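Below is one structure; the comments refer to it alone.
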Amino acid sequence: MIGPVDSSQVPRYAGPATFARLPRLDQVAHADVAVVGVPFDTGVSYRPGARFAPSAVREASRLLRPYNPSLDVSPFERVQVADGGDIAVNPFHIGSAIETIEQAASDLQREGTRLVTIGGDHTIALPLLRAVSRIHGPVALLHFDAHLDTWDTYFGEPYTHGTPFRRAVEEGILDTEAISHVGTRGPLYGKKDLEDDRRLGFGVVTSSDVMRRGVDETVDALRQRIGSRPLYVSIDIDVLDPAHAPGTGTPEAGGMTSRELLEIVRGLRGLNLVGADVVEVAPAYDHADITSVAASHVAYDLVSLLALKEGV
Ligand SMILES: N=C(N)NCCCC(=O)O
Ligand SMILES: [Zn+2]
Ligand SMILES: [Zn+2]
């Protein structure tokens, strides 16, 4: 196993950044888990800038340490984790970008590598879900977000960051017995948004529900719905309150704390996780790397969950 650069030997701020100072994918024979960037933000409806997230999150991840006490695992000792670099996508053509992401994600997973993808805007969840469903069939989905992202079109366009999960249901790549939003809040276009969303099959745990029920009850309910199904986790960083994630494109007041999010993610331990993404970090609106740090820690816990599951 090739682990991260030892920060007691080489200062952690030295050298080019890979996620958690891990080796690059081309430096290992095989990776069980790869962290890969998708610098794409052509699908946004408001503030752009998520194309700069992969490099910002890698920079913020320099401070991650190799032992995860919350999950009692040293993920980089248990399995080979590597940084898969960025998928080079066309910034001028959403359809072409989606095709490139689906193909690249499929190629990366060909030898059983699991992906934790750093977006990019939420458009990228659709091709990533297509790629995991090619392997596992329709997957359960836990979607952490302030937004439903099950709208139909924007300006007539079906492929945007507000529409990936409606497309995914239409394409039959989700197991609609086990799809939930967590952390939703904020104004909608109309009541119909919620009705449409329910008709697609989504369960909703709002940000207020999490606050009222607490983390443990929330986790119990989510776990029951998911069972042993293959599970994909998509985390829009705007699920966090703007106080915890100012660096994002469509911020909404009244969100979760980073502590709540991390605890819910850790509560997924033992489930059949097959892939995950962390999207919508927009570094230009960030302050003191608050958002990139949160995203890097969430990604670290997702990698840890995969390491627990894939390791022997
Ligand atoms: N996926 C994110 N972050 N936002 C979707 C917001 C869509 C809208 O402008 O209504
Ligand atoms: Zn979203
Ligand atoms: Zn969102």
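Model, not experiment: these values are computed from the prediction. Indexing begins at 1, ligand by ligand and atom by atom, following the structure's order.
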Check ligand 1 against S45 and write out every atom of the ligand that is under 4.0 Å from a heavy-atom position of the residue. 6 (C), 7 (C), 8 (C), 9 (O)
Could you tell me whether T160 approaches ligand 1 through its side chain, its backbone, both or neither, with non-hydrogen atoms closer than 4.0 Å? neither
Of all N, O or S atoms in H122, the one closest to the Zn ion (ligand 2) is ND1
Can a donor-acceptor pair be found between the side chains of S228 and N272 at a distance below 3.5 Å? no
Just how far is it from atom CZ of R78 to atom CE of M1, taken to the nearest 0.5 Å? 9.5 Å
Looking at the rings of H143 and F202, which for Trp means the six-membered one, are their centres under 6.0 Å apart? no
Counting only heavy atoms closer than 4.0 Å, does ligand 1 sit against the backbone of H122, its side chain, both, or neither? side chain
Numbered in order shown, the ligand 1 atoms found under 4.0 Å of a heavy atom of Y189 are 8 (C), 9 (O), 10 (O)
Please find the pair of heavy atoms, one from A53 and one from V281, that lie closest to each other, and give the distance. CB-O, 3.2 Å
Among the N, O or S atoms of D145, the one nearest the Zn ion (ligand 2): OD2
Report the name of the N/O/S atom of D149 located nearest to the Zn ion (ligand 2). OD2
Check: of W151, Y154, F165, min heavy-atom distance to atom 8 (C) of ligand 1 comes from Y154
What N/O/S atom of D238 gets nearest to the Zn ion (ligand 3)? OD2
Between the side chains of T257 and H244, does any donor sit under 3.5 Å from an acceptor? no
To make sure I understand the geometry: which N, O or S atom in H147 is closest to the Zn ion (ligand 3)? ND1
Have a look at D236 and say which of its N, O or S atoms is nearest the Zn ion (ligand 3). OD2
OH (Y154) with more than 12 external heavy atoms under 6.0 Å: yes
Step by step, would you call F165 with H122 a ring-ring contact (aromatic ring centres under 6.0 Å, His included)? CA-CA 10 Å; F165 301 114; H122 225 151; 5.1 Å; yes
At less than 4.0 angstrom from any non-hydrogen atom of D238, what atoms of ligand 1 do you find? 2 (C), 3 (N)
Can you sort out which atoms of ligand 1 are near D149, meaning under 4.0 Å from one of its heavy atoms? 1 (N), 2 (C), 4 (N), 5 (C)
Under 4.0 Å to a heavy atom of T250 - the qualifying atoms of ligand 1, by number: 2 (C), 3 (N), 4 (N)
Hphob cluster co-occupancy, V79 + V265, side-chain heavy atoms under 4.5 angstrom: yes
Can you tell me which residue among D41, D121, D86 is in a salt bridge (charged side-chain N to carboxylate O under 4.0 Å, His left out) with R51? D41
Would D196 and R166 pass as an ion pair if we require N to O under 4.0 Å? yes
What are the atoms of ligand 1, with element, lying closer than 4.0 Å to any heavy atom of E280? 1 (N), 2 (C), 3 (N)
